[in-house]
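Within every chain, numbering begins at 1; the chains are lettered A, B, ... in the order of the sequence lines, protein sequences first and strands thereafter. Note that the structure is a prediction, hence the values are computed from the model and not measured.
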Amino acid sequence: MTSHPLLEQLNDKQRAAVSAPERHMLVLAGAGSGKTRVLVHRIAWLLQEYHLSPYSIMAVTFTNKAAAEMRGRVEELVGSSTRAMWIGTFHGLAHRLLRAHYMDVGLPQNFQILDSDDQQRMLKRIMRSMNLDEKRWSPKQAQWFINAKKDEGLRPHHLDGHDFNERTYKEIYDAYQVACDRAGLVDFAELLLRAHELLRDNRIVREHYQKRFRHILVDEFQDTNAIQYAWVKLLSGGGAGGEHENYVTIVGDDDQSIYGWRGAKIENIHQFTRDYPNVDTIRLEQNYRSTNTILSAANSVIANNSDRLGKELWTEGGNGESIDLYAAYNELDEARYIASQIEAWHEQGNALQDVALLYRSNAQSRVLEEALLHARIPYRIYGGLRFFDRQEVKDALAYLRLLANRNDDAALERVINTPTRGIGARTLEIVRDGARQRGLSLWDAAKQLATEKVLTGRAANAVLSFIDLVQELEDETAEYSLGRQVDTVIKSSGLMAMYQAEKGEKAETRVENLKELVNACDNFDQLGTETPEDMTPLNAFLAHAALESGEEQAEEHQDAVQLMTLHSAKGLEFPLVFMCGVEEGLFPSQQSLDEAGRLAEERRLCYVGMTRAMQKLVITYAEQRRIYGQEKLHRASRFIAEIPPENLNHVRMQTRSRSSDGFGGNQASYGRFHSGASHEAFTESGFQLGQRVRHVKFGEGTVLNYEGSGPQSRIQVNFDDLGSKWLVVAYARLERC
DNA sequence: AATTTGGCCGTTTTT
DNA sequence: CGGCCAAATT
């Protein structure tokens with residue numbers, strides 16, 4: 001192959017993908033194989049070697065983060081603006097289509113986006129009005145049902161409603177959709193579905209975009225759902241026999257498909273090779289991230305799945321260290337072990353931010369946090385509430401939505417009595433009824449009912465003053481900059497005063513967040529978004545807030561250990577990774593054992609977790625764990641047995657020898673790790689945490705932990721030669737020394 | 001209108 | 001066990 005600046009520093013497979021002729025392409029990209037690099041270089045190649053216009057390229061991702069990274073790296077590589085390219089998330093690009101063609105899809109120009117919290121509130125209201133048995137029908141389930149149908153491309157009229165269950169859900173779906181349409185509201189799934197219907201039903205629009213996008217590149221294709229794939233097919237000219245034949249490149253890894261439970265169809269990868277002719281398949285199997293040990297362990301685990309497209313990761317790097325396996329007595333012991341290992345890592349001069357603690361479910365973080373707190377190890381948890389999802393921020397946004405679109409029932413419901421202004425449940429009920437009977441939005445109904453004196457004096461006054469407030473806010477701030485507009489709205493609406501009046505740390509952060517929102521508006525650059533330029537700054541900002549719930553807040557740049565679920569670790573890498581709670585029932589989760597196919601997905605999740613580790617992987621599990629307040633006994637996860645024994649190192653507690661007593665005055669940090677018995681009862685037994693003891697057979701050691709009381713009480717001793725053991729005090733015949 | 005109590009439920013998450 | 005929500009209090 002001829003040398004070319006874009007192909008330097010790529011391996012053969014990567015080079016083949018980047019410099020491939022214009023064709024449909026499937027890139028099976030293993031973990032850590034340089035997937036993004038290939039995508040970015042491929043785009044640059046298309047521009048430079050095939051002299052394609054940036055207008056003809058679309059690149060789709062799932063997350064805003066991935067989209068931003070891709071755009072940034074393309075820009076860096078080609079050294080020019082990428083404005084002309086459509087690079088974004090499925091939802092972002094669908095939104096862009098809808099804004100550009102709002103009339104064609106029957107939406108008002110000011111349509112707003114419902115996030116899933118808004119959607120749930122909306123459903124709750126609708127279901128109340130339908131007088132459904134609240135014990136039997138929950139908004140959550142209805143939301144699940146509706147989104148699943150939309151993800152399949154189904155409208156209410158597509159459902160036959162065979163059984164009573166489905167018939168009821170169909171009615172809810174129908175009523176919900178009517179309410180959304182009247183209010184000019186679009187939920188996340190609706191963005192995709194409407195955009196799909198637009199392309200499907202409108203030949204002119206469809207041909208326009210088909211003509212434009214000669215190349216469509218899709219990242220993380222294994223995570224696409226039915227509607228997303230259908231969308232890509234329409235845009236590309238539908239594969240074989242389409243009106244326009246565009247080239248589709250899909251990049252993905254069937255072994256990393258971990259979102260089947262939310263509608264992702266791993267089969268879409270297989271389907272792609274059937275739907276499109278002459279697909280070039282390229283496998284990226286060389287891994288640039290992990291050691292041989294980690295890769296062979298991961299390969300060996302994933303090999304237990306069937307129906308794989310097949311792929312085996314390899315590296316030119318060394319074997320590295322074995323994978324440590326720690327069998328903890330319980331979750332407290334597990335957490336303590338992890339904390340002690342992190343301390344050791346840190347003492348060797350390594351950074352804490354290079355360490356990740358991965359777990360299957362969020363509930364597991366608590367115990368880990370406590371252990372870290374006690375060891376004074378700073379940490380950061382991923383996956384908390386996003387900025388734009390916070391209550392106070394959503395309140396402020398609801399006022400803004402109302403300024404943009406009076407028919408936004410969801411926004412009105414949220415703030416009509418926030419802060420309280422004497423519009424109680426009774427009044428609201430009357431307004432809701434009026435709206436339903438007259439087929440009006442809540443805003444119009446409230447206005448009419450108050451003027452027509454259907455509402456009584458006090459309620460009518462309250463409603464009218466709210467209506468005036470919103471109207472005045474719009475008039476007053478019409479000429480303001482976005483930041484000043486939002487600032488005014490927050491203050492004049494009484495929101496700021498309401499949160500300032502509350503006391504406590506929580507209220508303070510709320511006030512801070514409201515101020516931060518004004519800041520965000522000041523810094524908001526509409527040009528940097530996927531929205532058309534003729535949108536008002538306010539509408540652009542509202543769309544931005546809904547679609548990009550807020551990057552993780554720029555927290556203090558502290559060197560901190562990272563805690564997250566296995567799911568949110570996808571795409572990331574860390575020199576040292578702890579996979580915690582690797583037990584049957586937890587991971588794989590109990591629920592996944594009941595349904596077919598779910599276990600394979602759990603195994604892929606395990607594969608994802610293992611392949612996050614660069615240098616060192618530590619797997620821990622607890623034989624006993626408190627779940628929902630009850631002690632449960634667990635066996636080690638089957639996934640552990642799937643790792644070749646030669647890659648595993650079964651560890652025992654290591655003796656800490658910081659000072660002569662082997663404890664370094666750290667007694668207090670272990671004081672937490674008791675379960676059950678009171679500390680007093682324990683000390684009465686004659687032992688103390690951190691105390692040195694002697695056992696006839698096991699030698700000398702340090703007391704780490706205790707559990708239970710009376711004759712059953714057990715004590716954990718970290719023996720100098722043997723590591724830690726749990727002993728029944730009554731039989732162990734320990735001596736103090 | 002604000003606060004307290006009691007019942008229920010409980011993976012994984014992005015947009 | 002603990003968080004959330006709705007009903008029941010003051």
Side-chain angles (χ1 to χ4, degrees), chain A residues 60-67 88-96 113-121 124 128 134-135 138-141 144 147 150-151 186-193 195 220 223-225 227-228 257-264 331 358-367 382-386 388-389 417-426 498 501-502 530 543-552 564-571 581 585-595 598 601-602 604-606 608-609 625-632 675:
Chain A
V60 199
T61 64
F62 275 83
T63 66
N64 291 300
K65 197 174 158 196
T89 63
F90 276 103
H91 291 87
L93 298 181
H95 173 245
R96 189 168 173 173
I113 301 166
L114 287 183
D115 68 21
S116 60
D117 181 61
D118 299 329
Q119 184 185 33
Q120 211 174 105
R121 286 159 174 268
K124 193 185 244 171
R128 280 250 164 92
E134 292 189 27
K135 291 255 161 18
S138 80
K140 235 197 172 93
Q141 288 172 299
W144 182 262
N147 290 339
K150 288 190 176 186
D151 284 348
V186 171
D187 60 52
F188 288 130
E190 185 73 20
L191 286 169
L192 301 174
L193 180 49
E220 304 277 18
D223 290 337
T224 51
N225 62 30
I227 199 78
Q228 286 160 338
S257 164
I258 55 175
Y259 288 111
W261 51 274
R262 65 173 199 211
E331 75 273 21
L358 309 183
Y359 36 79
R360 176 68 239 264
S361 82
N362 288 303
Q364 288 170 253
S365 75
R366 187 125 128 213
V367 180
Y382 275 74
L385 254 196
R386 307 296 205 38
F388 290 117
D389 290 337
N417 203 32
T418 312
T420 49
R421 41 174 75 90
I423 303 176
R426 182 82 198 102
M498 178 182 99
E502 284 176 24
E530 290 287 335
H544 165 78
L547 288 173
E548 314 195 16
S549 267
E551 298 112 74
E552 276 110 53
M564 67 190 84
T565 61
L566 287 154
H567 281 89
S568 40
K570 195 170 113 177
L586 236 199
F587 187 32
S589 76
Q590 196 56 53
Q591 294 94 319
S592 70
L593 301 174
D594 310 334
E595 228 180 301
R598 302 285 295 274
E601 185 156 307
E602 295 282 304
R604 293 193 290 268
L605 189 56
C606 182
V608 166
R625 183 181 295 273
R626 206 172 186 131
I627 292 174
Y628 303 146
Q630 272 179 315
E631 297 291 348
K632 298 264 188 195
S675 50

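- Note: A/H567 and A/W261 have perpendicular aromatic rings, judged against thresholds of 30 and 60 degrees for the angle between ring planes.
- When heavy atoms are screened at a 4.0 angstrom cut-off, A/Q364 is found touching no nucleic acid atom at all.
- As judged by a 4.0 angstrom heavy-atom cut-off over every strand, A/K135 is placed among residues making no nucleic acid contact.
- For A/R626, counting side-chain heavy atoms from C-beta on, the closest listed nucleotide (C/dG2, C/dC1, B/dT14) is C/dC1.
- Residue-level contact check: A/S589 touches the bases, meaning some heavy atom is under 4.0 Å from a base atom.
- Between A/M564 atom CE and A/K570 atom NZ the span is 14.5 Å, to the nearest 0.5 Å.
- A/Y259 comes within 4.0 angstrom of the backbone, heavy atoms only, and of no base.
- Nearest nucleotide to the A/W261 side chain, out of B/dT14, B/dT12, C/dG2: B/dT12.
- The separation of B/dT13 from C/dC4, taken at their P atoms, amounts to 16 Å, rounded to a whole angstrom.
- Using a 4.0 Å heavy-atom distance criterion, A/N362 is classed as a sugar-phosphate-only contact.
- Dashed line: the shortest gap from a side-chain N or O of A/N64 to OP1 or OP2 of B/dT15 is under 4.0 Å.
- Looking at heavy-atom distances under 4.0 Å, A/Y628 makes contact with a base.
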